[in-house]
Amino acid sequence: MLSPADFIPVLEDTKLIYKVDLHMVDVIIENYKKRKRENVGIVPVSVNLSRADFDMCDIVEEICNRVDTAEMPRELLTIEITESLIGENFAYIKEQVKRFQDLGFKVWMDDFGSGYSSLNLLQDMQFDVIKFDMQFMRQFDTNPKSRVMLAELMRMAVRLGIETVTEGVETQEQADFLCEVGCTRMQGYYFCKPISMEELMKRHKEGMNVGFEKPEEEDYHSVVSAINLYDLGSKTSEEENASRMTLDAQPAMIVESDKQSLKVIRANKAYKKVAKRYSLFGAGKKPVAISELSGKLNNAFYRAALDCEKKGQKVFVHEITDNGDIIHAFITKVAENEVKSVSAYALAIVGITPRSDKGLTFTGIARALSVDYIDIYQVDLKTGHFIEYEPDRENIDIRVKREGDDFFAASRKDAMLYIHEYDRDGFVRTFTKE
């Protein structure tokens, strides 16, 4: 085993590294031909380029000529360049990267995060993939900040339309975490140590390989694997690269309450669109008195905020709108201002259920009836099971009062408690299932 650190610096100093790199391209091409002959899965292979390669020859033309002569598809050879290579002559390297991409080669940024200018480079250069330096995995167990940084950098990459690879994956826990935060590809000893082409072919013949992704499925797997399970709005299959550059995920806002009024102090664009559609109050408006919200959607948010305060945990809200759609949301307390006696709550809309074709829902009907009736019963006449609701007139809502298995037996007992003695016999005699 000879470490690259032992020979690459010498070859770079003597300006001979380009011969080694072009030789590696030739090896990749020969391996491609062999895999094609023996019907082994064809996948892209990467070659790392050095800064000296660009000084000693037209490396773009040299590689393109070799690949085309071998009739190898250009997308099967991936170009990897490091951050340090770019920093030495940014304008020139940017031009060469674009040349590669215009010719159909994918270009990856290697060792992302190992230097100090990685984020600045992403503003000015478009890479197909960025490879996160293995230093993140080395600190995975010892430094919690490493996980936070990785998760946020993954989300940023997806927003920019860039796929990701993480180096140095060695444990199941690391792989599971990277799957959760949307890392599209992984590399490390957890999967396999580096092996020779001969060993690779032997494994294939013995049926030991894990299999190869079909090229026509690549886009699908890229979309699915890039979804951040902590930010489901980070990517969808319909989005194009340009439209991914958004800071909105699910509709969300921050509500401030002094227990007398509500005020939206922050809201993202997605929430503002929903607010406009359903005539909700939006960000930047004056506080709205709770009394003014009676019967409106926002009042449900306020009641949820009170429940959140009382229970000390996240509360889910399911509220019917004026047109019959049902908004599903959750609200959680995020801060308390003791100086001004106000609390802040984060509210996120997780989904909207369109009204049914008939425009009627049980919730909508029950709420309308609650204005005029004392109790409302939902009864299964086949089994006798029932749910009794009572009105919450203050909030124009209903709440469950009790539940039982024999509605008519319960009604007879209620008659003894609530119906005047002169009317009981007539009620019991006539109020039957038949």
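Predicted model, so just to flag it, every value in this text is computed and none were measured.
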Does a salt bridge link Asp414 with Arg402, judged by any charged N lying under 4.0 Å from a carboxylate O? yes
Full working for side chain to side chain contact (heavy atoms under 4.5 Å, CB included) between Asp110 and Ile81: CA-CA 6 Å; Asp110 195 15; Ile81 58 177; over 6 Å; no
Salt-bridge test for Glu95 and Lys98: reply yes if a basic N is under 4.0 Å from a carboxylate O, no otherwise. no
Would you confirm whether Asp128, through its side chain, and Val107, through its main-chain N or O, come within 3.5 Å as a donor-acceptor pair? yes
Closest approach of Met154 to Val181 (non-hydrogen atoms, all atoms of both residues): CB-O, 3.6 Å
Looking at Asp258 and Lys340, is there a salt bridge between them, counting it only when a charged N and a carboxylate O are closer than 4.0 Å? no
Closer than 4.0 angstrom, basic N to acidic O: yes or no for Glu173 and Arg147? yes
Do you know the tightest heavy-atom contact between Cys64 and Phe105? CA-CZ, 4.0 Å
Check the surroundings of atom CD in Glu338: do more than 12 heavy atoms from other residues, nucleotides or ligands lie under 6.0 Å from it? no
Please tell me whether Phe140 and Phe177 form a close aromatic pair, meaning their ring centres lie under 6.0 Å apart. yes
Side chain to side chain contact (heavy atoms under 4.5 Å, CB included) between Met109 and Val129, intermediate numbers included: CA-CA 6 Å; Met109 182 180 182; Val129 176; over 6 Å; no
For the residue pair Gly161 and Gln126, what are the closest heavy atoms and their distance? O-NE2, 4.0 Å
Nearest 0.5 angstrom please: Ser341 OG to Glu336 CD, how far? 8.0 Å
Minimum heavy-atom distance Ala329-Ile349, with the two atoms named: CB-CA, 3.9 Å
Checking the side chain of Arg424 only, and the main-chain atoms of Met416 only, is there a donor and an acceptor separated by less than 3.5 Å? yes
Student check: side-chain heavy atoms of Arg277 and Lys273 closer than 4.5 Å: no
Pair Met197, Arg35 - check side chain to side chain contact (heavy atoms under 4.5 Å, CB included), show working. CA-CA 10 Å; Met197 185 65 181; Arg35 292 165 73 102; 3.4 Å; yes
Do the side chains of Thr332 and Tyr345 get nearer than 4.5 Å, heavy atoms only? no
Test Glu388 against Tyr377 for side chain to side chain donor-acceptor pair (under 3.5 Å), laying out the working first. CA-CA 5 Å; Glu388 181 181 358; Tyr377 299 84; 3.3 Å; yes
Once rounded to the nearest 0.5 Å, what's the spacing between atom CE of Met24 and atom CG of Leu49? 11.5 Å
Give the ring-plane orientation class for Phe408 versus Phe431, where under 30° counts as parallel, over 60° as perpendicular and anything between as tilted. tilted
Taking every heavy atom of Asp405 against every heavy atom of Phe386, the minimum-distance pair comes out as N-CE2, 4.1 Å
Take Glu38 and His204 through the side chain to side chain donor-acceptor pair (under 3.5 Å) test and state the conclusion after the steps. CA-CA 10 Å; Glu38 302 195 19; His204 176 70; over 6 Å; no
Short question: side chain of Ser343, backbone of Ser257 - any donor-acceptor pair under 3.5 Å? no
Run the side chain to side chain contact (heavy atoms under 4.5 Å, CB included) test on Lys401 and Ile387 for me, step by step, so that the C-alpha distance in whole Å, both residues' side-chain angles and the decisive distance to 0.1 Å come before the verdict. CA-CA 8 Å; Lys401 186 176 181 179; Ile387 302 174; over 6 Å; no
Rounded to the nearest 0.5 Å, what separation is found between the CD atom of Gln174 and the CG atom of Leu150? 10.0 Å
Between Thr184 and Thr164 (side chain of the first, backbone of the second, donor and acceptor by atom type, cut-off under 3.5 Å), is there such a pair? yes
Neighbour count above 12 (heavy atom, 6.0 Å) for Glu71 CD: no
Within 6.0 angstrom of Lys34 NZ, more than 12 heavy atoms from elsewhere: yes
Evaluate the side chain to side chain donor-acceptor pair (under 3.5 Å) criterion for residues Lys131 and Gln187: first the C-alpha distance (whole Å), next the side-chain angles of each, then the deciding distance (0.1 Å), finally the verdict. CA-CA 9 Å; Lys131 290 182 71 174; Gln187 170 184 319; 3.1 Å; yes
Closest non-hydrogen atom pair between Ile28 and Ser46, with its separation: CD1-O, 3.8 Å
Examine distances only and state if a side-chain atom of Lys333 and a backbone atom of Ala344 form a donor-acceptor pair shorter than 3.5 Å. no
So that I can tick it off, tell me whether Arg203 and Glu206 are bridged by a salt bridge, with the cut-off set at under 4.0 angstrom between side-chain N and carboxylate O. no
Are more than 12 heavy atoms from other residues, nucleotides or ligands located less than 6.0 Å from atom OH of Tyr418? no
Is there side-chain contact between Ile79 and Val47, with heavy atoms separated by less than 4.5 Å? yes
Can Asp21 and Asn48 be counted as having a side-chain donor-acceptor contact under 3.5 angstrom? no
Would you indicate whether Met149, at its atom CE, is surrounded by more than 12 heavy atoms from other residues, nucleotides or ligands within a distance under 6.0 Å? no
